[in-house]
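Encoded as structure tokens, the structure appears first; notes follow it.
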Amino acid sequence: MSIAKPRSMVGYLPLAVPAALLILFFVVPFGSMILVSFYKNAGGGLTEAMLTLENYRRLISPFFVGLLIASFGLALAVAAISILIAFPFSYLLVNAPRSTQVFWLIFLLSVLSLSESIIGFAWSTLLSRTAGISNLLVFAGLLDKPASYAPGLGALVSGVVYTAFPYAVLVLYPILSRVDPHIEEAARTLGTSPLRTFFIVVLPMQRNTIITTFLMIMVFTLGTYLMPQILGRPQHWTLSVVISDQALMQSNIPFAAALAVFLVIATMLIVATVVLFGRKARA
């Protein structure tokens with residue numbers, strides 16, 4: 001079904017407001033940020049309007065290359081763990097009784113209602129030496145004395161996975177609920193076990209969906225800000241934390257802008273990949 005084009009400019013007015021807002025709140029600030037990223041840092045939060053590539057050259061220094069690898073490594077790890085947990089959970093949830101589905105969906109939505117700071121400090125307490133889970137392990141005789149697991153990489157990954165998990169389930173659940181159950185029944189009729197059916201039938205069918213969700217969680221992790229500061233150490237900071245540190249603590253606005261431009265471009269490339277796989281999944 002084709003959509004008729006407006007016969008006059010008046011017909012385009014409903015698009016004028018969102019277009020103006022997009023230009024005002026995204027194009028103009030992003031363009032200004034790109035311009036500032038080429039300025040020279042004058043110290044004390046001041047900049048010199050002298051075009052230079054120094055800020056982008058710093059992105060290929062060993063320190064910041066390591067930072068980029070750590071940020072994307074964290075995003076890949078969180079996305080992989082989230083998918084490994086969320087996909088089978090969503091599959092079992094789709095096949096569970098209706099009341100069970102409603103209970104878990106309400107629980108996941110309640111997790112999303114919590115702020116990142118509340119979740120971060122809750123995990124910090126859970127993994128602390130004084131009031132954490134290690135005290136239960138001591139009580140059970142599995143440890144000799146309480147230990148602290150936060151801050152650390154394991155604590156950070158656990159906290160971010162906990163935050164990202166509901167998003168992954170809420171993306172996978174409606175898609176898995178539309179899978180024709182007769183396909184699995186046909187596979188089982190041919191003598192395939194339920195577990196084998198899951199791996200050779202369900203997983204290949206949802207390949208594009210899994211990749212799309214994986215990339216979405218990567219974007220979410222790259223933008224996380226509070227969790228790395230609460231549960232991680234400086235070497236575990238994501239790009240968003242370093243951008244804030246460069247702008248507010250180091251007063252290096254041009255370099256913070258260069259980092260932000262890099263992060264936005266990387267995010268847009270990932271989003272474009274998500275859209276591409278989404279179109280293939282609908283094809």
Side-chain angles (χ1 to χ4, degrees), residues 64-94 104-105 107-109 111-112 114-116 119-120 123 127 149-177 198-199 202-233 235-243 259-260 262-282:
F64 286 101
V65 168
L67 170 66
L68 297 178
I69 293 174
S71 295
F72 281 93
L74 175 66
L76 288 170
V78 169
I81 296 172
S82 298
I83 293 296
L84 286 174
I85 301 173
F87 191 86
F89 177 85
S90 303
Y91 176 75
L92 294 174
L93 186 61
V94 166
W104 280 108
L105 290 175
F107 174 78
L108 293 173
L109 291 174
V111 172
L112 293 179
L114 299 175
S115 68
E116 190 176 356
I119 296 175
W123 272 93
L127 299 175
Y149 303 109
L153 181 59
L156 175 58
V157 171
S158 300
V160 180
V161 167
Y162 179 85
T163 309
F165 174 76
Y167 292 101
V169 173
L170 292 177
V171 171
L172 293 169
Y173 172 80
I175 298 174
L176 289 176
S177 64
F198 176 79
F199 282 105
V202 178
L203 276 178
M205 287 175 56
Q206 302 301 325
R207 179 183 59 189
N208 290 338
T209 301
I210 293 173
I211 295 175
T212 300
T213 309
F214 181 91
L215 295 174
M216 183 198 72
I217 299 300
M218 276 193 65
V219 172
F220 172 84
T221 306
L222 287 173
T224 187
Y225 175 75
L226 288 176
M227 285 291 189
Q229 298 181 79
I230 298 173
L231 297 175
R233 294 189 172 92
Q235 61 266 31
H236 305 140
W237 283 0
T238 56
L239 281 174
S240 56
V241 180
V242 176
I243 291 170
L259 282 171
F262 175 84
L263 179 59
V264 171
I265 292 175
T267 303
M268 291 176 66
L269 290 175
I270 296 174
V271 170
T273 307
V274 170
V275 173
L276 177 63
F277 276 101
R279 289 179 178 176
K280 287 184 177 181
R282 290 192 297 267

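All heavy atoms count here, side chains included; hydrogens, waters and symmetry mates do not.
Checked against side-chain contact (heavy atoms from CB on, under 4.5 Å), Pro166 has the following partners two or more places apart in sequence or in another chain: Leu108, Val111, Leu112. Taking the side-chain hydrogen bond (donor to acceptor under 3.5 Å, both in side chains) definition, one finds that Gln229 meets it with nothing, sequence neighbours left out. Taking Trp104 as the reference, Phe89, Phe107 meet the ring-ring contact (aromatic ring centres under 6.0 Å, His included) condition, with sequence neighbours excluded. Shown here are the side-chain hydrogen bond (donor to acceptor under 3.5 Å, both in side chains) partners of Ser158, two or more places apart in sequence or in another chain: there are none. A search for side-chain contact (heavy atoms from CB on, under 4.5 Å) contacts involving Ala260 returns Met33, Ile243, not counting sequence neighbours. Residues satisfying the ring-ring contact (aromatic ring centres under 6.0 Å, His included) criterion with Phe214, sequence neighbours excluded, are absent altogether. Every residue two or more places apart in sequence or in another chain was checked for a side-chain hydrogen bond (donor to acceptor under 3.5 Å, both in side chains) with Ser71, and none qualifies. Checked against side-chain contact (heavy atoms from CB on, under 4.5 Å), Ile265 has the following partners two or more places apart in sequence or in another chain: Val261, Leu269. Annotation: ring-ring contact (aromatic ring centres under 6.0 Å, His included) contacts of Phe87 (sequence neighbours excluded): Phe198.
With contacts defined as side-chain heavy-atom distances shorter than 4.5 Å, the pair Leu222/Thr238 does not qualify. Annotation: side chain of Leu93 is in contact with side chain of Leu105 (closest heavy-atom distance under 4.5 Å). Side-chain atoms of Ile119 and Met227, non-hydrogen and from C-beta on, do get closer than 4.5 Å to each other. Pro151 places none of its side-chain heavy atoms less than 4.5 Å from the side chain of Leu156.
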Could you list the donor-acceptor pairs under 3.5 angstrom formed by side chains in residues 168-176, with sequence neighbours left out?
unit_1	atom_1	unit_2	atom_2	d
Tyr173	OH	Gln101	OE1	2.4

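Counting all heavy atoms, side chain and backbone alike, Ser82 lies closest to Ala164 at OG-CB, 3.9 Å. Heavy-atom minimum distance, Ala70 versus Gln235: CB-O, 4.1 Å. Closest of all the heavy-atom pairs between Leu127 and Ala155 is CD1-CB, 3.4 Å. Closest approach of Ile217 and Val78 over heavy atoms only: CG2-CG1, 4.0 Å.
Applying the side-chain hydrogen bond (donor to acceptor under 3.5 Å, both in side chains) test to residues at least two apart or on different chains, the pairs with a partner in residues 215-225 are Glu116-Thr224, Tyr225-Ser244.
Between Phe220 and Tyr167, the ring planes lie tilted relative to each other; the angle falls in the 30° to 60° range.
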